[in-house]
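Notes follow the structure.
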Amino acid sequence: MSPQIVGETLFLYHSVLLGVFVAVIYDMIRILRRVIKHNRFFISLEDILYWVFCAFEFFYLLYRESSGVLRWFSILGIALGMFLYLISLSRYVVNFASKVINKFLRMIGKILGIIFFPFKKAGQKIAGVSKKTGRLTKKSGRFLKKKLTTSGKMLKMILCKH
């Protein structure tokens with residue numbers, strides 16, 4: 001085989017690998033979206049950043065392998081790599097990884113719940129005592145205000161007579 005054909009075949013192979021790589025990156029974004037709920041703004045932002053990343057990777061491949069010359073078979077190779085990965089492994093990787101991460105996060109949440117349970121109960125007790133104290137303080141404040149008002153009126157009457 002001629003070295004030029006070997007070089008072109010290697011370029012096609014690298015294009016297919018780049019397609020698989022960018023599909024795996026997008027699967028990571030999909031897993032993140034399943035684990036952490038996103039609104040439309042963040043989904044759009046992630047997609048824009050993803051496609052900018054893909055463009056840089058594609059142009060870097062073109063620059064490195066073919067001196068920046070656009071080769072259509074490289075675009076087809078990238079599309080082929082993405083397609084093959086998406087129809088073969090993607091579904092299983094995303095489902096498995098998101099389930100494992102969600103279970104791990106639930107387990108961490110339960111452990112933290114057990115660790116912080118005494119603090120939660122103490123906070124509830126303090127809140128209950130604080131609520132009772134607040135009611136008692138409010139009642140005694142009203143009583144004091146009433147007594148001071150009557151005492152103030154009495155003092156005025158006494159001072160005005162003299």
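Here the NZ-OG1 distance, from K146 to T150, works out to 8.5 Å after rounding to the nearest 0.5 Å. The structure places CG of L17 at 10.5 Å from CD1 of I78, a figure rounded to the nearest 0.5 Å. If you take CZ on R106 and CD1 on I108, they are separated by 12.5 Å, rounding to the nearest 0.5 Å. The CG atom of L112 lies 5.5 Å from the CD1 atom of I115; values are rounded to the nearest 0.5 Å. Interatomic distance, F83 CZ to S90 OG, rounded to the nearest 0.5 Å: 12.0 Å. Here the OG-CG distance, from S44 to N39, works out to 8.5 Å after rounding to the nearest 0.5 Å.
Each of F59 and L76 belongs to its own hydrophobic cluster when Ile, Leu, Val, Met, Phe, Trp and Tyr are linked at side-chain heavy-atom distances under 4.5 angstrom. L18 and W72 fall within the same hydrophobic cluster, defined by Ile, Leu, Val, Met, Phe, Trp and Tyr side-chain heavy atoms under 4.5 Å apart, directly or through other members. Put simply, W51 and L45 are part of two different groups of oily side chains (I, L, V, M, F, W, Y) that touch within less than 4.5 Å, one to the next. By the criterion of side-chain heavy atoms lying less than 4.5 angstrom apart, applied directly or through intervening Ile, Leu, Val, Met, Phe, Trp or Tyr residues, V93 is not grouped with V100; the two fall into different hydrophobic clusters. Transitive grouping of hydrophobic side chains (ILVMFWY, heavy atoms separated by less than 4.5 Å) keeps L49 and I43 in distinct clusters.
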Requested in this report: List the steps, then state whether side-chain contact (heavy atoms from CB on, under 4.5 Å) holds for F73 with S15.
Outcome: CA-CA 9 Å; F73 72 88; S15 298; 5.6 Å; no

Report task. In sequence, state the C-alpha distance, the side-chain angles, and the governing distance for L62 and F11, and then conclude on side-chain contact (heavy atoms from CB on, under 4.5 Å). Result -> CA-CA 9 Å; L62 286 177; F11 180 44; 3.8 Å; yes

Query raised in the report: Please walk me through it: do M28 and L32 pass side-chain contact (heavy atoms from CB on, under 4.5 Å)?
Result: CA-CA 6 Å; M28 289 180 189; L32 179 71; over 6 Å; no

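Scanning both residues, L80 and V16, for their nearest heavy atoms gives CD2-CG2, 4.3 Å. Closest heavy-atom contact between V20 and G81: CG2-O, 3.4 Å.
Contact of the S74 side chain with the E65 side chain is not registered, since no non-hydrogen atoms from C-beta on lie closer than 4.5 Å. Residues E8 and L12 have side chains not in contact (no heavy-atom distance under 4.5 Å, counting atoms from C-beta outward).
Surrounding CZ of R91 are at most 12 heavy atoms belonging to other residues, nucleotides or ligands under 6.0 Å away. Within a 6.0 Å sphere centred on CZ of F53, other residues, nucleotides and ligands contribute more than 12 heavy atoms.
One N or O on the side chain of Y50 and one on the backbone of V22 form a donor-acceptor pair closer than 3.5 Å. Remark: side-chain polar atoms of N102 are not paired, donor with acceptor, to backbone N or O of L105 under 3.5 angstrom.
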